Amino acid sequence: MAEDASSIDSTIPTHTKAWYYSQHGRPADVLKFDPNWPLPQLKDDQVLIKVIAVSLNPVDYKRIHGEFKNVDSYLPVVPGFDVAGIVVKVGGGVRKFKVGDEVYGDINEEGLSNLKILGTLSEYTVAEEKQLAHKPSNLSFIEAASIPLACETALEGFEHAQFSAGQSILVLGGAGGVGSYAIQLAKHVYKASKIAATASTGKLELLREIGVDFPIDYTKYNFEDLPEKYDLVYDAVGQTDRAFKAIKEDGKVVTIVPPAYPPPAIFFALSSKGSYLEKLRPYFESGEVKPILDAKTPLPFSQLIEAISYLETSRATGKVVIYPIP
């Protein structure tokens with residue numbers, strides 16, 4: 001046993017290949033590749049992960065642009081939240097995982113504060129064990145990487161809104177990462193009575209496929225002018241002022257896009273937990289809730305800048321996933 005551990009330790013890297021930025025700006029201008037980024041010392045509650053796949057989120061390019069400088073000023077930074085990979089080393093206090101385990105998660109716990117300096121856009125990354133879950137065996141690493149931040153956000157939004165079975169919901173931005181999971185969770189986890197969602201013309205069929213009863217083409221209709229009203233509007237695109245015109249008298253609006261007005265919507269920044277992923281594991285293993293991957297997925301790490309630029313166009317359907325340097 002000791003010999004095996006020694007053999008493993010001898011292969012543990014001290015540096016990693018990674019994308020980073022040392023100033024804020026357009027990703028195409030500021031992202032650079034470092035073949036020799038130093039890995040931090042592993043803490044007792046952390047694991048070292050060999051990255052297999054990473055999904056991109058709007059928060060990635062917003063962070064690079066400097067939108068969160070007041071809480072995220074440290075530079076240089078390796079960005080990235082979501083990861084799926086293999087555990088190659090564990091801290092002394094780790095009990096949930098062992099070397100060789102296939103894991104996934106969002107490695108940043110506290111929304112937009114205390115963000116990791118070493119994110120997931122790297123050949124190796126480090127995360128606390130409480131941020132991670134075992135990868136469902138029926139999902140590929142590419143599929144698993146697409147889940148954490150978006151799906152956990154969708155789930156937490158429902159919890160903040162105290163959504164319950166038999167209620168109706170309208171999802172704004174139903175074909176995006178958070179929106180597509182919100183629809184599936186509303187249907188399979190929360191047993192919503194009726195699900196409506198907005199998307200562009202070409203994405204309406206996807207909405208039907210993942211459980212939407214009433215797809216709304218936002219290029220043709222203003223959802224707030226339609227007669228149907230809802231118990232909850234889940235705003236994943238930043239249309240909170242319009243959302244309040246689409247709720248019932250005692251309805252609620254939950255949004256992930258600030259500012260949350262008027263009147264006050266339920267705004268939150270995700271508090272990421274591996275336990276969220278464990279809670280949803282049966283729904284992924286049964287196939288009820290499925291990862292929605294953009295047609296361009298997966299892209300190689302060498303095309304990271306192109307992938308982020310594409311995500312910034314808001315034309316992606318589902319999640320954009322990249323896989324690391326071999």
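Note that this is a predicted model, so its numbers are computed, not measured.
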Side chains of Q184 and Y283 in contact at under 4.5 Å (non-hydrogen atoms): no

Within 6.0 Å of CD in E205, more than 12 heavy atoms from elsewhere: yes

Over all atoms of both residues, closest heavy-atom pair of K135 and S140: CD-O, 4.1 Å

Least distance between heavy atoms, D82 atom then A145 atom: CB-O, 3.5 Å

Any donor-acceptor pair under 3.5 Å from D106 side chain to P148 backbone: no

Pairs where residues 159-181 contributes a residue and the test salt bridge (charged side-chain N to carboxylate O under 4.0 Å, His left out) is met, not counting sequence neighbours: E159-K279

Partners meeting side-chain contact (heavy atoms from CB on, under 4.5 Å) with P58 (sequence neighbours left out): Y61, K62, L311

Pairs of donor and acceptor atoms involving the side chains of residues 173-183, under 3.5 Å and at least two apart or interchain, shall be tabulated with distances.
residue : atom : partner : partner atom : Å
S180    : OG   : G176    : O            : 2.8
S180    : OG   : G177    : O            : 3.1
Y181    : OH   : S146    : OG           : 3.4

Approximate separation, where rounding is to 0.5 Å, of D72 CG and I117 CD1: 9.0 Å

Common cluster, V212/L170, ILVMFWY with side-chain heavy-atom separation under 4.5 Å: no

Counterpart residues, side-chain contact (heavy atoms from CB on, under 4.5 Å), relative to L31 (two or more places apart): W19, Y21, P27, I64, P79, L304, I305, I308

hydrophobic_cluster_shared for V189 and I256, side chain cutoff 4.5 Å: yes

Same apolar cluster: V171 and F267, side chain cutoff 4.5 Å: no

Backbone N/O of Y124 and side chain of T16: donor-acceptor pair under 3.5 Å: yes

Of all pairs that satisfy salt bridge (charged side-chain N to carboxylate O under 4.0 Å, His left out), the ones with a partner from residues 163-181, not counting sequence neighbours: none

Candidate list I322, L293, I52, test side chain to side chain contact (heavy atoms under 4.5 Å, CB included), partner I142, passing option: L293

Worked verdict on E143 versus F284 for side chain to side chain contact (heavy atoms under 4.5 Å, CB included): CA-CA 10 Å; E143 291 170 323; F284 285 110; over 6 Å; no

Residues, nucleotides or ligands: over 12 heavy atoms within 6.0 Å of K96 NZ: yes

Expected output: side-chain S193 to main-chain Q167 donor-acceptor under 3.5 Å: yes

Interatomic distance, S168 atom OG to E228 atom CD [nearest 0.5 angstrom]: 6.5 Å

Within residues 77-111 or reaching into it, pairs that qualify as ring-ring contact (aromatic ring centres under 6.0 Å, His included) - sequence neighbours excluded: F97-H134

E109/K130 ion pair, N-O < 4.0 Å: yes

CA sep, side-chain torsions, deciding dist, call: L277, E152, side chain to side chain contact (heavy atoms under 4.5 Å, CB included): CA-CA 7 Å; L277 299 175; E152 290 181 57; 3.8 Å; yes

In one Ile/Leu/Val/Met/Phe/Trp/Tyr side-chain cluster, 4.5 Å: V59, V71: yes

Separation between CD1 of I292 and NZ of K319, rounded to the nearest 0.5 Å: 11.5 Å

Salt bridge (Lys or Arg N to Asp or Glu O under 4.0 Å) against E224, all qualifying residues, sequence neighbours excluded: R242

Side-chain (K229) to main-chain (K245) donor-acceptor, under 3.5 angstrom: yes

Nearest-0.5 Å distance, CG of residue N108 to CG of residue L270: 9.5 Å

For residues 33-49, which side-chain donor-acceptor pairs fall under 3.5 Å, sequence neighbours excluded?
residue : atom : partner : partner atom : Å
D34     : OD1  : N36     : N            : 2.8
Q46     : OE1  : K43     : N            : 3.0
Q46     : NE2  : E128    : OE2          : 2.8

CA sep, side-chain torsions, deciding dist, call: F301, L121, side chain to side chain contact (heavy atoms under 4.5 Å, CB included): CA-CA 8 Å; F301 254 33; L121 289 167; 4.2 Å; yes

Residue list, salt bridge (Lys or Arg N to Asp or Glu O under 4.0 Å) with K191, at least two apart or on another chain: none

Single hit among D235, V254, V257 for side chain to side chain contact (heavy atoms under 4.5 Å, CB included) with T240: D235

By salt bridge (Lys or Arg N to Asp or Glu O under 4.0 Å) - contacts of E285 (at least two apart): R281

Electrostatic pair R63:D60 at N-O distance under 4.0 angstrom: no

side-chain hydrogen bond (donor to acceptor under 3.5 Å, both in side chains) pairs, two or more places apart, involving residues 297-315: H65-E312, D294-Y310

C151 versus L185, closest heavy-atom pair with distance: O-CD1, 4.0 Å

Residue pairs involving residues 211-220 (criterion side-chain hydrogen bond (donor to acceptor under 3.5 Å, both in side chains); sequence neighbours excluded): T201-D217, T201-T219, D217-T219

Rounded distance (nearest 0.5 Å) linking atom CD1 of I169 with atom CZ of F214: 15.0 Å

Stepwise side chain to side chain contact (heavy atoms under 4.5 Å, CB included) check, L139 with I147: CA-CA 10 Å; L139 298 182; I147 295 170; 3.5 Å; yes

Connected via hydrophobic side-chain network under 4.5 Å: V83 and V77: yes

NZ (K290) with more than 12 external heavy atoms under 6.0 Å: no

Approximate separation, where rounding is to 0.5 Å, of L75 CG and S22 OG: 7.0 Å

Ring centres under 6.0 angstrom apart (F268, H160): yes

Nearest non-hydrogen partners of A161 and I266, listed with the distance: CA-CD1, 4.0 Å

